[in-house]
Amino acid sequence: MSNDIFVLVEHHGGAVSESTSELFGMARGLAESSGGAVVGCLLGSGARGLAAGLAADTVLSVEAPQLGDFVPEAYAATLAALVTDRDPRVLLIANTTVGMDVAGAVSGRTGRPLIAYCSAISFEGGTLVATSQVYGGKLNAEVETGDGAIVSVVGGSAAAATGGSPSVEDVAPPDLSGLHTTFVARVEAESSDVDITGEDILVSVGRGIGGEENIELAQDLAEALGATVSGSRPVTDAGWLPKSRQVGKSGRKVKPKLYLACGISGAPEHLEGMSDAELIIAINTDEKAPIFDVAHYGTTVDLFDLLPALTDQVKAVSA
Ligand SMILES: Cc1cc2nc3c(=O)[nH]c(=O)nc-3n(C[C@H](O)[C@H](O)[C@H](O)COP(=O)(O)OP(=O)(O)OC[C@H]3O[C@@H](n4cnc5c(N)ncnc54)[C@H](O)[C@@H]3O)c2cc1C
């Protein structure tokens, strides 16, 4: 086994992702402990040029038509071949949609352990020790593993590293002729009437709103305040609001002047998208809801009582 720390380079539309830069920051610290090199794994078709500027010592560039658009099967087969051939100490993958598709498959193909949702990692006396989020981030588990782990890392776990001048090694792809999946088309996200990332005031609703028929309570308040309605993922998953209104990890990151969280529990994936708001006011009947940990003001009044009353008050004040 080598002492090298491998990093999967995630890229979209000709740009390397921010999460990849964070992985390189994390990899550098690990490589200093292991005594190995930081090695980027750059898969694509016509992507080789992205190697320049990566904060790696070496970049393994694998080019193939099947790697031009993201096909999990092709990525997993290629990464598994690299890991098997080169035997790195650790492979870091961002815990993104792409990473979640690939990390488990590479672990399965290579028989190496997978540590998912990792937020910190180090070598302690030669043992790899990682902190892994469980139960949606409500608890952290500290895990130890032998060498050769695949680790998927949550965003924001390390400072980004950029600006290297790595050497580039071209590596032939494995046989990708027998794939079961083929990339067909990229479908752009639905366009929204509003861009919630640019709004000053958001009235945001969670599962506590109960159903699509109640969204108008938030809509009425938003109209009175000159605000826009956004929501948590269960609300957009259920189709009560368009996907473009979703706040959080897999939605939009917002930073309004006022974020009114109505019937939102405050799961880590939601907080990731709104905790930088200037003023957060939470309405939640559960006094132990984690949203109160980030809220500047909060109330446990039932939202079905409070929203109409608030709307009337705002209308009265602005009349
Ligand atoms: C990979 C991944 C990505 C994710 N991405 C996102 C994301 O981008 N955005 C997101 O939001 N979630 C995301 N999630 C889901 C997230 O983990 C939570 O499940 C979700 O945020 C919970 O939404 P919620 O707060 O609306 O619902 P719940 O957790 O069900 O909370 C509803 C809250 O409403 C309160 N309530 C009920 N009735 C009332 C009432 N009458 N008055 C006042 N309060 C009331 C309850 O006390 C409760 O706290 C993601 C999860 C994963 C695994």
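Every number for a ligand or one of its atoms is a count from 1 in the order of the listing.
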With no hydrogens and no angle check, do the side chains of Ser34 and Asn3 hold a donor and an acceptor under 3.5 Å apart?
no
inquiry  = With respect to Pro234, determine whether any N or O atom, backbone or side chain, lies less than 3.5 Å from an N or O atom of ligand 1.
reply    = no
Note: heavy atom closest to atom 36 (N) of ligand 1, options Asn214, Thr285, Asp305, belongs to Thr285
(message) Geometry only, no angles: is Gly206 polar-contacting ligand 1 at N/O separations under 3.5 Å?
(response) no
Logged contact type for Val247 with ligand 1, heavy-atom cut-off 4.0 Å, is backbone
query = Are any of the N or O atoms of Tyr117 closer than 3.5 Å to those of ligand 1?
reply = no
Query raised in the report: Just distances here: any N/O of Met100 and N/O of ligand 1 closer than 3.5 Å?
Result: no
Honestly, for Glu272 the part within reach of ligand 1 (heavy atoms, under 4.0 Å) is neither
Output for pair (Tyr259 OH, Asp276 CG), nearest 0.5 Å, gives 12.5 Å
Honestly, for Ser250 the part within reach of ligand 1 (heavy atoms, under 4.0 Å) is both
Less than 3.5 Å apart, any donor N or O on the side chain of Glu10 or Ser19 sitting next to an acceptor on the other?
no
Please confirm whether Gly273 comes under 4.0 Å of ligand 1, counting heavy atoms of the residue only. no
Here the gap from Asn140 atom CG to Tyr117 atom OH, rounded to the nearest 0.5 Å, amounts to 13.5 Å
A student comparing Lys288, Glu269, Arg207, Glu287 should find that the heavy atom closest to atom 51 (C) of ligand 1 comes from Glu269
Of Asn284, Leu271, Asn95, Val205, the residue with the heavy atom nearest atom 46 (C) of ligand 1 is Asn284
At under 4.0 Å between heavy atoms, what of Ser232 touches ligand 1? The answer is both
One should read off an interatomic distance between Lys315 NZ and Leu225 CG, to the nearest 0.5 angstrom, of 11.0 Å
